[in-house]
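Please read the structure below before turning to the comments.
In what follows, every chain begins at residue 1, and chains take the letters A, B, ... in the order their sequences are listed.
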Amino acid sequence: MTQRDDWDPRAASVLVDQRRAYDEMRETCPVAYSEFMGWSLFRHADVMGAVHDPATYSSASRHLAIPSGMDPPAHGRFRAALTSHFSDDAMAALEPRSREIAIDLLAPMLAAGDAELMESFATPFTLRTLCAFLGWSEQQWECLGGWTHGNQQAAFNRDPAAGRALAGLLSEHVSANLDQHRAAGHDDVTDALLETSVDGDRLDDEQIISILRNWVAGEGTVAGGISLLALHLAEHPDLQDRLRNDPSMIPAAVEEILRVDDPLVANRRTTTREVEIGGRRIPAGASVSLMWIAANRDPDAFDHAQEVRINRQSDDGLVWGHGIHVCLGAPLARLEMRIALEELLGRTRSFSVSGEVRRSVYPSDGLASFRLRLS
Amino acid sequence: MNAPLVVLRLESASEGFATVPPETTGGPVGALPRAPRLEMCGVDASDDAPRDDCRDIIAELFIELL
C-alpha cells in the first residue's frame, strides 16, 4: 500500500473472504483508491451510474479488445456483428452437444459418489462446450484452461514476461485454428467469424484473436459461476428439492444465487473528465474499478440483499453487467449453467459438500476447489 | 489434413512459473492446480520489459469482460 491508498485489494485480510471485505468497503469507504485497482466503486448506484455513462467512463483500451475494450460508436458496430452467434437459434443448436458433454463428465462422478467439481466438471464442461460452439476439437480444452489459469496468475503477480508469453501462446493457438478452418470450411462459428465484416472490412486475425481471448476468459467466469451455484445448492438441500420438482425455476435460481455470490469481482473504466462521487474527486484519465460483487449485495438496491430469494423481481442485478457492455456471451453462459444444474439435479437424489471448500483468489473467479458427495 | 495446433504443455503447480502466496489463499503454496511452464514452450520467462511496456502488458492481462 502507498500513503494514498484507502485499502489493499490484495491484502490477506481481503482475499480470505472477498465478499465480506467488499461489503465492508461498501459501507465504510464506498469510493476507495488503491494503486492496484485505481478508484473502486462499491455501491450499486455508483456502478450503475458509471456503466450507463460511457462518455464519462470509457472502456477504450490501447489493446485490441473487441468489443469490450471499445467505446461508441465503433463499439456498437463491432458488437452488432457478433450478437447473432448468441441468438436463441444458435443456443438451441448447441444445447444437445453441450448436454452430452455434461452427461459424459457427470457419469464417472456419479459412479464414484464423490468428486472435485472444478477439475472434474466445471472447467472441462465450459471449455469443451466453447470448443463445440466454435467448431474446434474438444481435446483443446486443456490448453485453453492452462492459458486462462496462467493468465490469472500472471495478472495477480504482475508478471509481464509471463503475460506477454501467454498472450503469444493464445494468439498462436487461435491462429492455428483459423488456418485449419480456412483450409476446410466447417460452416461453424469460427467460419462465420472469418466471414464477418464491419464497415465493409473483413475481420483480420488479430481482431478475431482479440474476440476469442475474451470468450475464452469468459468461460473461466462461467466455470466459477457453476461452482458457486453447486455450492449454494449443496448447502441448501431444500432448494435442491424445489428445483428438482420444478426445473423451470432453474434460470431464476441461477440469476439470484449469482447475484448474492457473483463470480466476477470487477471490471474497469477510465474517466474522460474529472468527476465527484461520494465526496471523492476522481481526476480525468483515472482508472475506475466497478466492484460487481459489492454492488450486487447492496442493501440500498435489493431488499434483504444477502439472501437468495429466487422469486425476486428485479432488473437491477449486475451479474452480467448493465448498459452497452452487458455480457455479449450471456446466452451461452446461461445455457451452460442451466444444463449443468439440470443434469446435476436430474441425475442425483441429493448432493452435499464433501471436505474443504476453497475459494479462488482475485482475479480468478468462483471456487478453486470443491468436493461434492453425490447420491 | 488438419494443421497441427500449438500445444501449451501443462505441469503441476509446484513446477509452474508462478504461484499465489499462501497468505492470500489460506492454503498451501501452489494452491492452483495447473500452470504452464513457459520455458518448455521455448519462452524465456526471465525476460524483463521496460516499465511502460510492463504497464501495457499488465493492462492486457486483466481481460475486461463487461
Side-chain angles (χ1 to χ4, degrees), chain A residues 10 12 15-16 59 61-63 65 68-69 118-119 137 140 142-143 145-147 149-169 172-173 176-177 179-180 183-184 213-214 217-218 221 264 267-268 290 292 320-321 325-327 358 361 363-364 368-369, chain B:
Chain A
R10 295 190 294 179
L15 297 178
V16 72
S59 293
S61 171
R62 281 188 298 159
H63 303 282
S68 55
M118 292 304 296
E119 290 258 323
S137 61
Q140 295 180 52
E142 278 199 285
C143 293
W147 175 82
H149 190 75
N151 206 54
Q152 288 168 340
Q153 287 191 51
F156 184 91
N157 292 313
R158 290 193 158 184
D159 186 338
R164 186 194 304 113
L166 285 159
L169 285 170
E172 291 177 43
H173 193 106
N177 277 288
D179 289 344
Q180 206 176 66
R213 182 183 299 124
N214 190 293
T221 307
L264 191 58
N267 288 114
R268 291 182 301 180
L290 312 175
W292 303 119
W320 315 101
H325 289 282
V326 69
C327 182
R358 213 156 37 73
V361 175
S364 301
S369 70
Chain B
M1 187 171 167
N2 291 342
L5 294 170
V6 173
V7 176
L8 180 59
R9 295 186 62 172
L10 304 172
E11 295 239 329
S12 69
S14 62
E15 295 177 325
F17 69 89
T19 55
V20 174
E23 65 272 18
T24 61
T25 64
V29 174
L32 301 167
R34 279 193 300 270
R37 277 194 75 180
L38 299 178
E39 62 271 29
M40 296 186 69
C41 307
V43 176
D44 178 4
S46 67
D47 181 26
D48 203 6
R51 185 160 175 75
D52 286 348
D53 193 23
C54 290
R55 285 206 190 93
D56 286 352
I57 292 162
I58 289 164
E60 191 173 26
L61 288 171
F62 281 95
I63 294 167
E64 308 298 343
L65 294 174
L66 303 177

query = What is the distance from atom CG of A/L264 to atom CG of B/L66, rounded to the nearest 0.5 Å?
reply = 5.5 Å

task = Check whether A/T221 gets within reach of chain B through its side chain, its backbone, both or neither, counting any heavy atom under 4.5 Å.
result = side chain

task = Measure distances from A/A217 to the heavy atoms of chain B and classify the residue's part below 4.5 Å as side chain, backbone, both or neither.
result = both

key: Exercise: identify the closest heavy-atom pair between B/E64 and A/N214   = O-ND2, 3.6 Å

request  = Just jot down the side chain to side chain donor-acceptor pair (under 3.5 Å) partners of A/S59, sequence neighbours excluded, or say none.
outcome  = A/R269, A/H325

inquiry  = Which atoms of A/W292 are under 4.5 Å from chain B, going by heavy atoms: the side chain, the backbone, both sets, or neither?
reply    = side chain

